[in-house]
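Working notes, beginning with the structure itself.
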Protein chains: 2
Amino acid sequence: MGATKTEHFSSKVNAIAALAKAMGHPARVAIVEHLLKVNGCICNDIVNELPLSQPTISQHLKALKEAGIIQGEVEGNSICYCINPKAIHKLEAYFGKLSSKLNTSNLNCCT
Amino acid sequence: MGATKTEHFSSKVNAIAALAKAMGHPARVAIVEHLLKVNGCICNDIVNELPLSQPTISQHLKALKEAGIIQGEVEGNSICYCINPKAIHKLEAYFGKLSSKLNTSNLNCCT
DNA sequence: TTTCTTTATCGTAATATTGCAATATATATT
DNA sequence: AATATATATTGCAATATTACGATAAAGAAA
């Protein structure tokens with residue numbers, strides 16, 4: 001026990017959960033926000049923006065990258081990280097679909 | 001160390017992270033999917049739908065409830081759980097805003 | 001080549017999460 | 001009251017996450 005039983009769930013459900021999990025930490029949300037603010041890339045300035053150590057930030061960047069939320073390229077001396085719009089769009093599409101289904105359904109309990 | 005340093009981040013960032021975290025497990029996504037499918041409430045049938053024990057499911061329901069993703073009411077012998085549309089809408093709005101900002105920005109790197 | 005800068009990885013400690021058996025609680029039914 | 005049904009809580013073991021110091025790696029600049 002202790003490990004998530006991903007094998008029992010559909011790949012669609014696992015895919016959404018993996019994306020949501022990656023966004024499930026304030027540091028990672030803050031990284032995405034920062035990437036959006038600087039309109040493109042992180043080149044060495046993210047460490048100064050967040051109240052976390054460099055190894056911790058590197059770890060969070062890795063988690064975001066492995067989930068497909070961001071993508072990175074070596075850019076000379078530093079690394080260029082930016083948001084992968086497709087991943088964000090998947091989340092938007094999923095929650096958007098949920099929202100619209102909720103609007104059309106008659107939730108006649110728990111109100 | 002080991003605990004998330006939530007106190008260093010804005011309440012907006014923490015709020016999104018908390019919602020995303022709640023959706024960051026396949027069992028919890030599956031619960032939400034099931035709630036949507038039955039168009040309203042869970043009344044005792046969720047345990048038969050998921051490949052997890054009753055205590056584990058109860059735990060996931062509690063996590064979803066504490067995050068505000070679902071809301072529950074005692075309904076006679078059983079419990080009536082249903083989705084809180086506001087929480088889903090917050091997620092949709094957040095990722096929607098990210099998406100549209102990404103569309104208008106010129107991501108001239110990492111392409 | 002040496003040094004500087006930037007990012008990644010390793011090792012480790014603290015904490016959190018996941019999962020379940022056992023048990024408790026609470027209401028319905030008989 | 002006794003029993004049945006549905007959900008929650010407790011206690012525990014296994015695993016994962018978070019965070020950071022120390023160190024490594026890799027390219028830039030001198």
Side-chain angles (χ1 to χ4, degrees), chain A residues 1-9 13-14 17-18 20-31 34-35 41-67 69-82 109-110, chain B residues 1-9 13-14 17-18 20-31 34-35 38 41-67 70-82 109-110:
Chain A
M1 327 137 200
T4 294
K5 292 190 163 181
T6 52
E7 68 277 12
H8 293 308
F9 298 96
V13 160
N14 277 315
K21 187 178 185 180
M23 294 298 288
H25 191 288
R28 293 194 289 269
V29 175
I31 287 172
H34 184 71
L35 276 170
C41 305
I42 294 180
C43 301
N44 97 37
D45 56 349
I46 191 79
V47 172
N48 305 314
E49 295 290 329
L50 295 185
L52 292 168
S53 72
Q54 182 270 322
T56 300
I57 291 170
S58 184
Q59 203 169 250
H60 283 304
L61 286 167
K62 191 181 179 186
L64 285 169
K65 192 176 182 183
E66 281 176 356
I69 303 268
I70 64 175
Q71 47 202 175
E73 269 181 2
V74 176
E75 183 95 356
N77 199 10
S78 59
I79 296 272
C80 167
Y81 273 126
C82 64
C109 65
C110 311
Chain B
M1 324 136 201
T4 295
K5 292 190 163 180
T6 52
E7 69 275 12
H8 293 308
F9 298 97
V13 161
N14 277 315
K21 187 179 185 179
M23 295 297 289
H25 191 286
R28 295 195 288 269
V29 174
I31 288 172
H34 184 70
L35 276 171
V38 303
C41 304
I42 295 179
C43 301
N44 95 37
D45 56 350
I46 190 80
V47 172
N48 305 313
E49 295 289 332
L50 295 186
L52 293 169
S53 72
Q54 182 270 322
T56 301
I57 291 171
S58 184
Q59 201 169 252
H60 283 304
L61 286 168
K62 191 181 180 187
L64 285 169
K65 193 176 182 185
E66 282 177 354
I70 65 176
Q71 47 203 173
E73 268 180 1
V74 177
E75 184 95 355
N77 199 10
S78 59
I79 297 269
C80 167
Y81 273 126
C82 65
C109 63
C110 310

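Note on naming: letters A, B, ... go to the chains in the order of the sequence lines (proteins, then strands), and numbering restarts at 1 for each one. Keep in mind that what you see is a predicted model, and the values were worked out from it rather than measured.
- With D:dA8, C:dT18, D:dA19 as the candidates, the nucleotide lying closest to the side chain of B:Leu61 is D:dA8.
- For A:Lys62 and C:dA8, the NZ to C1' distance is 8 Å, given to the nearest whole Å.
- Atom CG of B:Leu64 is separated from atom C1' of C:dT17 by 14 Å (rounded to the nearest Å).
- Whole-Å rounding puts the A:Asn14 CG to C:dT18 P distance at 13 Å.
- Atom CD1 in A:Ile79 sits roughly 16 Å away from atom P in D:dA25 (whole-Å rounding).
- B:Arg28 places its CZ atom 8 Å from the C1' atom of C:dT17, with the value rounded to the nearest Å.
- Between B:Leu50 and B:Ala27 the shortest heavy-atom distance is CD1-O, 4.1 Å.
- Closest contact between the side chain of A:Pro55 and the listed nucleotides C:dT9, D:dA16, C:dA22 involves C:dT9.
- Nearest heavy-atom pair, A:Ala22 versus A:Ile69, reported as atom, atom and distance to 0.1 Å: CB-CG1, 4.0 Å.
- Taking every heavy atom of both residues into account, B:Pro51 and A:Phe9 meet most closely at CD-CE2, 4.1 Å.
- Among the heavy atoms of the strands, none lies under 4.0 Å from A:Lys65.
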Sub-3.5 Å pairs of nitrogen or oxygen atoms, protein against nucleotides 23-29 of chain C:
from, atom 1, to, atom 2, distance (Å)
C:dT27, O2, B:Asn77, OD1, 3.0

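- Between A:Tyr81 and C:dT6 there is no side-chain polar atom (N or O) within less than 4.0 angstrom of OP1 or OP2.
- Checking D:dA16, D:dA19, C:dG19 against every side-chain atom of A:His60, the shortest atom distance belongs to D:dA19.
- Among the heavy atoms of the strands lying under 4.0 Å from A:Leu52 are primed sugar atoms or P, OP1, OP2 only; no base atom is included.
- For the pair B:His25 NE2 and C:dA16 P, the interatomic distance rounds to 17 Å; values are reported in whole Å.
- Nearest-nucleotide positions on DNA chain C for A:Thr56 and B:Lys21 put A:Thr56 closer to the 5' end.
- Atom CD1 of B:Ile46 is separated from atom OH of B:Tyr81 by 11.0 Å, given to the nearest 0.5 angstrom.
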Quiz: residues 56-67 of chain B side-chain donor-acceptor pairs under 3.5 angstrom, not counting sequence neighbours:
from, atom 1, to, atom 2, distance (Å)
B:Thr56, OG1, B:Ser53, OG, 3.0
B:His60, ND1, B:Arg28, NH1, 3.0

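- Taken over five-pair windows at either terminus, the axes of the helix from C:dT1-D:dA30 to C:dT30-D:dA1 are inclined to one another by 20° (rounded to 10 degrees).
- Nucleotide C:dT15 holds its P atom 13 Å from the CD atom of B:Glu7, rounded to whole Å.
- Contact annotation for B:Ser58: base contact, defined as any heavy-atom pair under 4.0 Å involving a base atom.
- Between A:Ile31 atom CD1 and D:dT18 atom C1' there is a gap of 13 Å when expressed in whole angstrom units.
- A distance-only check finds no donor-acceptor pair linking the side chain of B:Asn14 to the backbone of A:Pro26 [under 3.5 Å].
- Between atom NE2 of residue B:His25 and atom OG1 of residue A:Thr4 there is a gap of 3.5 Å, rounded to the nearest 0.5 Å.
- On a pure distance criterion of 3.5 Å, a polar donor-acceptor pair joins the side chain of A:Gln59 and the base of D:dA19.
- Across B:Val29 and B:Met23, no two heavy atoms sit closer than the pair CG2-O, 3.2 Å.
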